[in-house]
> 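I have a structure here, written as structure tokens, and I will follow up with some questions on it.
Just the heavy atoms: all of them, side chains too, but no hydrogens, waters or symmetry mates, feed the values below.
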Amino acid sequence: MSAETPAAPGQFTRRRLQFRTWRGMRPFWAGLFVMLGGLPIAYFPYAHLQVGHLTLAMATTAGAGSLIIGVLLVVLGFSLWFQKHVRVFAGVAAILLALVSIPVSNLGGFLIGFLFALLGGAMAVAWAPGEPEPQPAEAAGTGEGAAPESAVTKATDGVGDPNDLSGTSPANGANGRHSAG
């Protein structure tokens with residue numbers, strides 16, 4: 001394949017929609033903000049600013065602590081992307097690391113890293129997986145073998161909520177004590 005070979009028609013659109021679907025199934029923005037918060041926290045203690053012939057060093061005595069906090073925030077951001085089930089732990093850890101970065105790392109990366117990490121951690125804790133989109137009626141298969149929708153009934157436990165079929169609902173008199181056997 002050469003550089004002049006055009007991409008397949010619709011390839012960009014298909015990849016964009018795949019990324020959009022992937023992004024929607026996880027706390028993407030929370031992970032991005034946590035990672036963006038870790039970068040200035042780790043960078044500023046090691047930065048050297050050149051002003052003419054004068055070099056300003058932002059190094060602190062806790063430079064190693066700043067590097068550890070920054071790297072941990074970046075790792076937590078990636079874990080939010082690829083391990084969405086640890087979102088509460090990663091969110092709380094990001095908030096705690098952001099708070100610790102205030103005294104350790106130049107006011108949390110001059111408040112830039114602190115605010116990004118704090119916002120990302122809060123977004124991670126608050127994120128909840130969305131409901132799957134309902135299938136269209138024609139895609140569900142309403143052919144000859146399918147039962148009519150009026151014949152399909154939903155089991156309820158007497159209160160109106162769907163029955164989870166565990167048999168331990170207070171409405172049907174079973175609370176789990178008599179279900180062994």
> Rounded to the nearest 0.5 Å, what separates atom CG in Leu107 from atom CD1 in Ile41?
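So the CG of Leu107 and the CD1 of Ile41 are separated by 11.0 Å.
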> Going by the angle between their ring planes, with limits at 30° and 60°, are Trp81 and Phe28 parallel, tilted or perpendicular?
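Ring orientation, 0 to 90° scale: parallel.
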> Under 4.5 Å between side-chain heavy atoms, hopping through other hydrophobics if needed: is there a path connecting Leu36 to Phe82?
yes
> Search all heavy atoms of Gly70 against all heavy atoms of Ala42 and return the closest pair with its distance.
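The pair with the smallest heavy-atom distance is CA-CB, 3.9 Å.
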> Could you tell me which non-hydrogen atom of Pro27 sits nearest to which non-hydrogen atom of Lys84, and how far apart they are?
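Nearest heavy atoms, Pro27 then Lys84: CD-CB, 4.0 Å.
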> Are Val125 and Leu96 linked, directly or through other ILVMFWY residues, by side chains that come within less than 4.5 angstrom of each other?
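Val125 clusters together with Leu96.
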> Answer whether the closest heavy-atom distance between the side chains of Gln18 and Trp22 falls below 4.5 Å.
no
> Of the non-hydrogen atoms in Phe44 and Gly109, which two are nearest, and what is the gap between them?
CE1-O, 3.5 Å
> Give, for atom CZ of Arg87 and atom CG of Leu76, the distance between the pair rounded to the nearest 0.5 Å.
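Taking CZ in Arg87 and CG in Leu76, the distance rounds to 14.5 Å.
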> Verify the cluster assignment for Val100 and Val34: are they in a single hydrophobic cluster under the rule of side-chain heavy atoms below 4.5 Å apart?
yes
> What is the minimum heavy-atom distance between Ile95 and Ala122, and which atoms define it?
CD1-N, 3.8 Å
> Just how far is it from atom OG of Ser79 to atom CZ of Arg26, taken to the nearest 0.5 Å?
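Here the interatomic distance stands at 11.5 Å.
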> Would you compute the distance between atom CH2 of Trp29 and atom CG of Leu119 and round it to the nearest 0.5 angstrom?
12.0 Å
> Is the CZ atom of Phe116 crowded by more than 12 outside heavy atoms at less than 6.0 Å?
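No - once you tally the heavy atoms of other residues, nucleotides and ligands closer than 6.0 Å, there are 12 at most.
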> Looking at Ile112 and Pro40, what are the two nearest heavy atoms and their distance?
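Of all heavy-atom pairs spanning Ile112 and Pro40, the closest is CG2-CG, 4.2 Å.
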> Rounded to the nearest 0.5 Å, what separates atom OG in Ser105 from atom CD1 in Ile68?
11.5 Å
> Closest approach of Leu97 and Ile69, non-hydrogen atoms and distance?
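Shortest heavy-atom contact: O-CG2, 3.8 Å.
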> Same cluster or not: Val75 versus Val92, using hydrophobic residues (I, L, V, M, F, W, Y) connected whenever any side-chain heavy atoms lie under 4.5 Å apart?
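Looking at the clustering, Val92 is in a separate group from Val75.
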> To the nearest 0.5 Å, what is the distance between CG (Leu111) and CG (Leu118)?
11.0 Å
> Compare all side-chain heavy atoms of Arg16 with those of Thr13 and state whether any distance is below 4.5 angstrom.
yes
> Would you kindly confirm whether Phe19 and Phe78 end up in one hydrophobic cluster when ILVMFWY residues are joined by side chain heavy atoms under 4.5 Å apart?
yes
> For Arg14, look at atom CZ and say whether over 12 heavy atoms of other residues, nucleotides or ligands are found less than 6.0 Å away.
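More than 12 within 6.0 Å, yes.
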